[in-house]
Number of protein chains: 2
Amino acid sequence: MEPSSLKPLIDFFEVRDNLSDAERQILSSLPLRRHVFQRNEEMVRAHTQPRESCIVLKGLAARAVYMQNGARQLTAVHVPGDFVDLHAFLLKVMDHSVVALGECEVAFVPHEQLMRISQEQPHLTRLFWMSTVIDAAIHRAWLASIGRRSPEQHIAHLFCELYTRLETIGFARGMTFGFPVTQSEVADMLGLSLVHVNRTIQQLRSKYFVNWDGTTVHIKDFDRLAEFSEFDPSYLSLIKIPR
Amino acid sequence: MEPSSLKPLIDFFEVRDNLSDAERQILSSLPLRRHVFQRNEEMVRAHTQPRESCIVLKGLAARAVYMQNGARQLTAVHVPGDFVDLHAFLLKVMDHSVVALGECEVAFVPHEQLMRISQEQPHLTRLFWMSTVIDAAIHRAWLASIGRRSPEQHIAHLFCELYTRLETIGFARGMTFGFPVTQSEVADMLGLSLVHVNRTIQQLRSKYFVNWDGTTVHIKDFDRLAEFSEFDPSYLSLIKIPR
DNA sequence: CGGCAAATTGACACATCTCAAAGCCTGTGG
DNA sequence: CCACAGGCTTTGAGATGTGTCAATTTGCCG
């Protein structure tokens with residue numbers, strides 16, 4: 001098997017707009033520095049000033065904001081094809097960290113390359129821009145979840161989101177996807193305690209047709225889960241429109 | 001007094017990077033449709049497909065996500081100079097609404113203008129992009145607040161954020177700023193109930209050197225408030241760096 | 001003065017956290 | 001192959017935090 005490719009990134013864009021051959025070519029020939037991170041390793045560190053931005057190729061990553069007492073809040077999960085750290089290109093100084101959830105392979109792209117594209121490729125630039133704007137939409141959906149959904153609904157919504165995003169790029173089949181995450185990490189996504197997450201997951205297992213054994217999520221009835229959690233995928237911008 | 005100008009938008013950019021005369025000129029000559037919204041009016045509606053994006057000129061606006069039962073979560077507050085709805089330019093379909101908090105004057109810019117800039121002005125495009133990426137950073141800060149800060153810290157953090165942002169564009173002086181907002185609206189920002197917000201505010205008033213009479217926030221000791229709420233303004237990218 | 005909208009209070013139910021102890025599973029060394 | 005260590009998951013119990021409901025009070029405006 002050849003090394004993980006940028007195909008999921010290209011899929012990410014092509015689900016939402018058309019790419020020209022030239023654009024596909026530019027993306028495919030980006031000089032990449034590949035790296036595999038182990039569970040919990042920081043691939044981008046808060047307060048640093050990165051000179052490259054990373055794309056998830058395989059596995060999962062998450063954005064994390066740390067508090068002084070060591071607590072943290074995860075603010076998004078990223079799947080293969082996500083240009084996770086594009087934010088750094090504009091922010092210059094990171095406001096948060098990006099950590100690996102389970103083993104995670106990423107590709108780093110130098111900012112000079114992004115700058116070149118931003119100078120010469122308006123359409124591709126807009127697609128990059130779109131990717132960060134979708135990240136913001138995901139943050140808003142998470143804010144709604146944490147602020148106004150019950151813990152049960154929140155987890156259900158999270159699973160619907162991840163399944164949908166993974167399915168879009170061909171990384172989920174048969175209502176199943178890999179989610180090698182600790183309950184404590186889910187607690188950091190939900191802003192709850194480990195113990196409460198544990199109890200909530202037990203309720204979900206018994207009531208709402210989802211199962212998660214710590215490694216794999218299996219959704220037994222997606223529609224029911226989506227209805228229960230008020231999941232509406234439109235915030236993921238899964239429509240092909242000229243951008 | 002002439003009508004509210006785009007000066008705060010230009011200030012927003014110039015705090016973070018240098019603008020050329022040509023760029024300032026392009027911004028100043030954008031064709032604008034001005035409109036004043038009353039408290040609680042929706043200036044951008046979720047699920048619609050706007051053909052223009054709006055900039056706050058005066059007053060405050062907020063992003064809102066609505067749930068089926070009528071509850072809502074506010075995900076950000078916007079101040080004069082914020083190009084609030086730039087997201088619509090890339091998203092095409094809105095995932096959320098933008099509502100006026102108190103009386104709010106905005107300027108709408110047609111997407112054709114933004115498209116023209118994105119085709120011809122790479123640097124200005126990056127600044128627009130930066131503005132949306134800062135919005136995402138604000139969402140992350142709010143996620144951390146709602147998930148990992150106490151209600152008291154959360155409100156304190158919110159006041160620090162707003163004071164800092166307003167001060168930056170010259171809309172706050174003497175540790176005071178206008179915040180003509182209802183406790184119920186603050187509850188929608190914090191993801192809490194009205195009653196709990198009321199009690200929390202009373203605690204803040206007595207303990208933490210802040211006052212808010214429903215119209216104006218007065219911060220008696222900013223440093224103490226910032227320390228208490230772990231406010232670190234770096235997520236607002238207030239540094240002048242070439243972008 | 002009368003009428004509202006918003007702020008405040010009180011009482012009580014329910015949700016969530018913390019602490020601490022068990023139970024489970026897996027990899028390793030003997 | 002078994003015992004044990006370490007990391008997760010699960011449970012229990014009691015302390016706090018938050019929500020809900022309903023009544024009161026306050027402030028502003030016609």
Side-chain angles (χ1 to χ4, degrees), chain A residues 38-41 60 67 69-74 99-103 144-156 178-207 210-218, chain B residues 38-41 60 62 67 69-74 99-103 144-156 178-207 210-218 229:
Chain A
Q38 300 305 315
R39 152 178 303 240
N40 256 316
E41 266 189 280
L60 299 176
M67 313 298 290
N69 67 3
R72 66 177 187 178
Q73 176 67 42
L74 301 183
V99 303
L101 296 176
E103 197 176 276
S145 279
I146 197 170
R148 294 302 186 200
R149 275 185 253 260
S150 70
E152 261 185 323
Q153 289 176 305
H154 191 163
I155 296 179
F179 193 60
V181 171
T182 248
Q183 293 188 4
S184 161
E185 291 166 324
V186 171
D188 288 340
M189 298 176 195
L190 308 207
L192 295 173
S193 70
L194 197 188
V195 172
H196 200 65
V197 165
N198 179 281
R199 288 176 172 136
T200 302
I201 286 171
Q202 293 178 48
Q203 293 186 329
L204 266 183
R205 268 203 281 262
S206 57
K207 295 200 311 192
V210 203
N211 209 352
W212 167 45
D213 62 8
T215 303
T216 301
V217 171
H218 187 75
Chain B
Q38 300 306 313
R39 151 177 304 239
N40 257 316
E41 267 190 278
L60 298 176
M67 313 300 290
N69 67 2
R72 66 177 186 179
Q73 176 67 42
L74 301 183
V99 302
L101 296 176
E103 196 176 277
S145 279
I146 197 170
R148 294 303 187 200
R149 274 186 255 260
S150 71
E152 261 185 324
Q153 288 177 305
H154 191 164
I155 297 180
F179 192 60
V181 171
T182 248
Q183 291 188 4
S184 161
E185 290 166 323
V186 171
D188 289 339
M189 296 176 196
L190 309 207
L192 294 173
S193 69
L194 197 187
V195 172
H196 200 66
V197 165
N198 179 283
R199 289 176 171 134
T200 301
I201 286 171
Q202 292 178 48
Q203 293 186 328
L204 267 183
R205 270 203 281 262
S206 58
K207 295 199 312 191
V210 204
N211 209 351
W212 168 44
D213 62 9
T215 303
T216 301
V217 171
H218 187 76
S229 62

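Sequence lines set the chain letters: A, B, ... in the order given, protein chains first and strands last, and positions in each chain run from 1. What you see below is based on every heavy atom in this structure, not just the backbone, and it leaves out hydrogens, waters and symmetry mates.
Here A:R39 pairs with A:E185 under the salt bridge (Lys or Arg N to Asp or Glu O under 4.0 Å) rule; sequence neighbours left out. Applying the side-chain hydrogen bond (donor to acceptor under 3.5 Å, both in side chains) rule to A:Q203 yields no partners; only residues at least two apart in sequence or on another chain are considered. For A:S150, the side-chain hydrogen bond (donor to acceptor under 3.5 Å, both in side chains) partners are A:Q153, not counting sequence neighbours. Partners of B:A144 under the side-chain contact (heavy atoms from CB on, under 4.5 Å) rule, at least two apart in sequence or in another chain, are A:V65, A:M67, A:Q73, B:R149. Take B:H218 and apply the side-chain hydrogen bond (donor to acceptor under 3.5 Å, both in side chains) test, not counting sequence neighbours, and it matches B:T176. Judged as a side-chain contact (heavy atoms from CB on, under 4.5 Å), and not counting sequence neighbours, the contacts of A:R205 are A:I201, A:Q202, A:N211.
With contacts defined as side-chain heavy-atom distances shorter than 4.5 Å, the pair A:D213/A:F179 does not qualify. Within the 4.5 Å cutoff, no side-chain heavy atoms of B:E103 are placed close to those of B:L60.
What separates CG of A:N198 from C1' of D:dT9 is a distance of 6 Å, to the nearest Å.
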Base versus backbone protein contacts along nucleotides 14-30 of chain D [heavy-atom cut-off under 4.0 Å; B, S, -]: ----SSBB---------
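Both B:R205 and A:T200 lie near DNA chain C, and the one whose nearest nucleotide falls closer to the 5' end is B:R205.
Look at A:Q202 and you'll find a side-chain N or O under 4.0 angstrom from OP1 or OP2 of D:dT11.
Here the range on DNA chain C touched by chain A, meaning any atom under 4.0 Å from one of its heavy atoms, is C:dT16 to C:dC19.
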